[in-house]
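In listed order, ligands and their atoms are each counted from 1.
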Amino acid sequence: MSKESRHPFLQGLSKHRGVQPTIITIFGASGDLCARKLVPAIYNLAVDNLLPADFYLIGYGRKPIPDEEFREVASDAISKFSRRSLNKEIWERIEKNTFYCSGGYDEAEAFQKLSDKIASIEKDAGREMQSVCYISTPPSVFEPIIKNLGEAGLATKYQSSDKHTKVVIEKPFGKDLESARNLNRVIQGVFQERQVYRIDHYLGKETVQDLLVQRFANSIFEPLWNRNYVDNVQITVGESLGVGTRGGYYEQSGATRDMIQNHTMQLLALTAMEAPASLDAESIRDEKVKLLKAIKPLRLGYSDSDVVRAQYGEGLIAGEKVPGYRQEEGVSPKSETETYAALRLTINNWRWQGVPFYLRSGKRMARRVTEIAIQFKRPPSSLFSENEMFNLANNALVFQIQPDEGSTILLNGKIPGLQTRTQPVKMHFRYSTTFGSNTPEAYERLVLDAMIGDGTLFIRGDETEASWNLITPLHDFWKSEGQRGIETYAAGSWGPNASDRMLWQNNHEWRRP
Ligand code: BG6
């Protein structure tokens, strides 16, 4: 019997896609993301028997701490943030293979030390292993890290085999088109595109992956999925939280950079793209890029504009009074940063000609909810025309991405009774009722896929550029306008009136999810 087949981790692998022996290095190991998401994701993969026998974790950070201290930080993170409680036996298997390397991100010698550490792990294990370099740092150090990985020889290690180094990068990928292009140039100067895994954690969410299944594994939707039947599409990514302690970061970012350019545009691309030729990463990403490129430039200005921006003022969240954005810690009292943005998009292709796509995202909205609503046209017949007997709604198919994951079809039905009276009724599918509620977190899937080398749920360089190409003129316009045109909405509301007015111009209105 081989060494692998006896190992408890690998026994589970026969049932799953295999991860080869891996050394994962997390840059930014003392950061929030590492503790809240990455270490718990690794732990949960171990619980599910999805890690290989030879699995090693290296934390890399500026602060010099011994291995033992990083191990403690990691086990505390699991106890606090993992969806499953810490099982000592499983943790001990990861713990003994967990190390820490300290150094600056621009210090070439520190990267050489890291490379030596990786080589010594391989030597002790008696085998070559793939390296996964997970960059979870502020964007200001992306460039030195990437360059130093190249200098230390890690980017080209085992390059011609499937053991080649993979680099995983957290957002933001630039702050505009130019910086995104620069970042892509830096990355592509060191790594080949197939080695690069740009994270958008929304793609790791179960319900987002299910979008492709709902669209392409069912035959009933496709015939309706076009301008002949769809009246408009509304994508809402609302949060009830404010900026909390992240005011400093958010001031530089705002809702369009933080949520619209990435997460919301990804939801749009998956909803509106054509069927890919296959389920492989390149086919799916080709279709997303095609769709993003088909979006018409936004109309900017003050009458008939395709965009609305706003900031939350004071208001009530769950009955509690909360401060306005400009009163938050780290936020300028004269801030011009939007905490809400709504966009009206036109997709210039055969399928979607004339169908408005409305996107909105905001902090401190009435509820935390992400949904995609396909709103269908009214039936042609006037048999049930609107009067007091017939309360009719447009048919809609709504994907509830989170929370309360599932989908709903909105229909018109007869109210039981001797008269013919109608009202809108709903057909629900709920994940929790059908599948139970303990589904994997987005980061579990994404860390696993990066280790496997499957780029389907990651963003390709040209996708980020296509999305920035749409959003950057908007930022340039807002910058030139200063405070002008920033609306206010009460915390706990559904956004500013100007956003409702934008839809009324097309005889539409926002759903109240
Ligand atoms: C992040 C944003 O990318 O996504 C945050 O930076 C936001 O501002 C978060 O709160 C929302 O993610 P989720 O998974 O909680 O919807």
Side-chain angles (χ1 to χ4, degrees), residues 28 31-38 40-41 44 81 83 134-140 142 168-175 180 197-211 235-268 270 309-312 317 322 325 328-331 335 337-341 359-372 399-405 431 437 439-447 457-459 463-464 467-468 471 491 513:
D32 213 38
L33 188 81
C34 179
R36 280 177 187 275
K37 300 290 180 190
L38 305 183
N44 278 292
F81 301 118
R83 72 188 163 94
Y134 199 118
I135 306 180
S136 144
T137 62
S140 54
F142 285 177
V168 184
I169 309 178
E170 276 292 334
K171 78 170 182 75
F173 312 112
K175 59 183 178 50
Y197 296 78
R198 295 175 191 77
I199 293 244
D200 182 312
H201 78 278
Y202 268 55
L203 293 183
K205 291 183 191 272
E206 274 295 332
T207 38
V208 176
Q209 293 165 46
D210 190 37
L211 259 178
I235 302 182
T236 300
V237 185
E239 296 183 278
S240 56
L241 291 177
V243 289
T245 53
R246 295 166 77 220
Y249 151 78
Y250 200 83
E251 276 286 87
Q252 306 305 314
S253 162
T256 30
R257 288 194 174 93
D258 189 47
M259 299 294 286
I260 300 255
Q261 183 275 337
N262 37 60
H263 309 319
T264 318
M265 295 297 282
Q266 283 295 317
L267 297 181
L268 166 75
L270 291 172
R309 62 170 166 162
Q311 284 176 341
Y312 61 83
I317 295 280
V322 296
Y325 177 63
E328 299 274 20
E329 185 193 322
V331 174
S335 171
T337 303
E338 79 287 356
T339 62
Y340 172 100
L359 272 50
R360 62 178 162 171
S361 180
K363 299 262 183 217
R364 285 285 189 231
M365 291 180 71
R367 271 184 59 203
R368 172 176 183 252
V369 61
T370 299
E371 65 156 47
I372 301 167
F399 296 105
Q400 275 103 13
I401 303 295
Q402 63 182 23
D404 200 15
E405 290 79 0
Y431 273 75
S437 53
T439 47
E441 285 218 5
Y443 276 94
E444 294 172 39
R445 174 67 193 257
L446 296 173
V447 170
L457 300 178
F458 297 86
I459 315 287
E463 266 181 87
T464 61
S467 179
W468 279 121
I471 300 294

Undergrad: For atom 15 (O) of ligand 1, what's the nearest protein heavy-atom neighbour? Residue, atom name and distance, please.
TA: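 The protein heavy atom lying closest is R368 NH2, 3.8 Å.
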Undergrad: Roughly how far apart are T464 OG1 and K171 NZ, rounded to 0.5 Å?
TA: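 Spacing of OG1 (T464) from NZ (K171) equals 13.5 Å.
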Undergrad: Does a side-chain N-to-carboxylate-O contact under 4.0 Å join E405 and K205?
TA: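 No, this pair does not count.
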Undergrad: How close does the nearest protein non-hydrogen atom get to atom 16 (O) of ligand 1, and which residue and atom is it?
TA: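 Scanning the protein heavy atoms, the shortest distance from atom 16 (O) of ligand 1 goes to Y202 OH, 2.5 Å.
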Undergrad: Mind checking whether Y340 and R360 have side chains closer than 4.5 Å, heavy atoms only?
TA: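 Contact flag for Y340/R360 side chains = yes.
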Undergrad: Please state which protein non-hydrogen atom is closest to atom 1 (C) of ligand 1 and give its distance, to 0.1 Å?
TA: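 The answer is H263 NE2, 3.7 Å.
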Undergrad: Give the numbers and elements of all ligand 1 atoms closer than 4.0 Å to a heavy atom of E239.
TA: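 Heavy-atom distances to E239 below 4.0 Å select 7 (C), 10 (O), 11 (C).
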Undergrad: Going by the atom numbers of ligand 1, which of them fall below 4.0 Å from some non-hydrogen atom of Q402?
TA: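 Atoms satisfying the 4.0 Å criterion: 13 (P), 16 (O).
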Undergrad: Check the pair E463 / R198 against salt bridge (Lys or Arg N to Asp or Glu O under 4.0 Å), numbers first and verdict last.
TA: CA-CA 10 Å; E463 266 181 87; R198 295 175 191 77; over 6 Å; no
Undergrad: So do the side chains of I199 and F458 get within less than 4.5 Å of each other, counting heavy atoms only?
TA: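 In short, these two side chains touch, coming nearer than 4.5 Å.
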Undergrad: Counting only heavy atoms closer than 4.0 Å, does ligand 1 sit against the backbone of Y250, its side chain, both, or neither?
TA: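 For Y250, there is no contact with ligand 1 at all, from either part.
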Undergrad: Rounded to the nearest 0.5 Å, how far apart are OH of Y134 and CG of L33?
TA: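 So the OH of Y134 and the CG of L33 are separated by 5.5 Å.
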Undergrad: Considering only the protein, which heavy-atom contact is closest to atom 4 (O) of ligand 1, and what is its distance?
TA: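 Going by distance alone, atom 4 (O) of ligand 1 is nearest to H201 CE1, 3.4 Å.
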Undergrad: Between T207 and Q402, is any side-chain donor less than 3.5 angstrom from a side-chain acceptor?
TA: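 Not at all, the side chains of T207 and Q402 share no donor-acceptor pair under 3.5 Å.
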Undergrad: Near K363, which atoms of ligand 1 are under 4.0 Å from a heavy atom of that residue?
TA: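 Selected atoms, number and element: 5 (C), 7 (C), 8 (O), 10 (O).
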Undergrad: Could you tell me, atom by atom, which parts of ligand 1 come under 4.0 Å of a heavy atom of K205?
TA: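 So the atoms of ligand 1 that pass are 13 (P), 14 (O), 16 (O).
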Undergrad: State the atoms of ligand 1, each with its element, that fall below the 4.0 Å cut-off from a heavy-atom position in D258.
TA: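 Counting from 1, the qualifying ligand atoms are 2 (C), 5 (C), 6 (O), 8 (O).
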